[in-house]
Asker: 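Just passing along the structure, written as structure tokens.
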Amino acid sequence: MSKLQPESIKDRVHRAMCLLDARAKLVAREPEAGLATAEYAVVMIAATGFAGLLVAILKSSAVRTMLTNIVKTALSVA
């Protein structure tokens, strides 16, 4: 059986440089991987909140009356 030789400084530096090169290539290839999904999630949450607010506003009696009057006026002019 042979004894394991301790890793030389040259070998450790070479291995570290290879890992650093691999990481740099990965980041250069896809610098924003995963960000689009997070952006879509934020937009969907904002859109859902806006839709809920719009439904609440349109269900109020004051807005319903105003919209009904606008439609009646538009139909009576034609």
Side-chain angles (χ1 to χ4, degrees):
M1 289 189 49
S2 65
K3 293 183 180 180
L4 292 175
Q5 295 290 329
E7 191 176 27
S8 70
I9 293 175
K10 181 181 175 184
D11 291 337
R12 290 193 330 201
V13 168
H14 179 69
R15 187 166 45 102
M17 292 302 291
C18 287
L19 288 174
L20 184 62
D21 183 51
R23 287 183 189 142
K25 286 180 181 178
L26 180 65
V27 169
R29 190 176 318 141
E30 297 180 31
E32 297 179 1
L35 288 181
T37 305
E39 290 168 355
Y40 287 133
V42 169
V43 168
M44 293 304 291
I45 290 171
T48 304
F50 181 72
L53 180 65
L54 191 60
V55 166
I57 289 172
L58 291 177
K59 278 188 166 184
S60 70
S61 61
V63 173
R64 186 179 300 156
T65 304
M66 183 178 65
L67 290 175
T68 304
N69 289 337
I70 291 172
V71 170
K72 284 180 183 178
T73 305
L75 291 176
S76 66
V77 171

Asker: Looking only at non-hydrogen atoms, find the nearest pair between Arg64 and Lys59 and report the distance.
Answerer: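 Answer, listing the atom of Arg64 first, then Lys59: NH2-O, 3.3 Å.
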Asker: State the OG1-CD1 distance between Thr65 and Ile70, to the nearest 0.5 angstrom.
Answerer: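 With rounding to 0.5 Å, OG1 (Thr65) is 11.0 Å from CD1 (Ile70).
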Asker: Just jot down the side chain to side chain contact (heavy atoms under 4.5 Å, CB included) partners of Ile45, sequence neighbours excluded, or say none.
Answerer: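 Listed in chain order: nothing, the list is empty.
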Asker: Do you know the tightest heavy-atom contact between Ser60 and Ile57?
Answerer: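 Of all heavy-atom pairs spanning Ser60 and Ile57, the closest is OG-O, 2.8 Å.
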Asker: Treating Ile, Leu, Val, Met, Phe, Trp and Tyr as nodes and any side-chain heavy-atom pair under 4.5 angstrom as an edge, say whether Leu75 and Leu67 lie in one connected cluster.
Answerer: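 In one cluster with Leu75: Leu67, no.
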Asker: Output every pair passing salt bridge (Lys or Arg N to Asp or Glu O under 4.0 Å) with a member in residues 13-22, not counting sequence neighbours, ordered by first then second residue.
Answerer: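 Residue pairs with at least one partner in residues 13-22: Glu7-Arg15, Asp21-Lys25.
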Asker: Report the distance from atom CG of Leu19 to atom NE2 of His14, rounding to the nearest 0.5 Å.
Answerer: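 If we round to the nearest 0.5 Å, Leu19:CG and His14:NE2 are 10.0 Å apart.
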Asker: Any link between Ile9 and Met17 through a network of hydrophobic side chains (Ile, Leu, Val, Met, Phe, Trp, Tyr) touching at under 4.5 Å?
Answerer: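 In one cluster: yes.
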Asker: Should Val43 and Glu39 count as side-chain neighbours, where that means a heavy-atom distance under 4.5 Å?
Answerer: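 No, too far: nothing below the 4.5 Å cut-off.
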Asker: For the hydrophobic clusters of this structure (ILVMFWY residues joined by side-chain heavy atoms under 4.5 Å, transitively), does one cluster hold both Val71 and Met66?
Answerer: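 Not linked; separate clusters.
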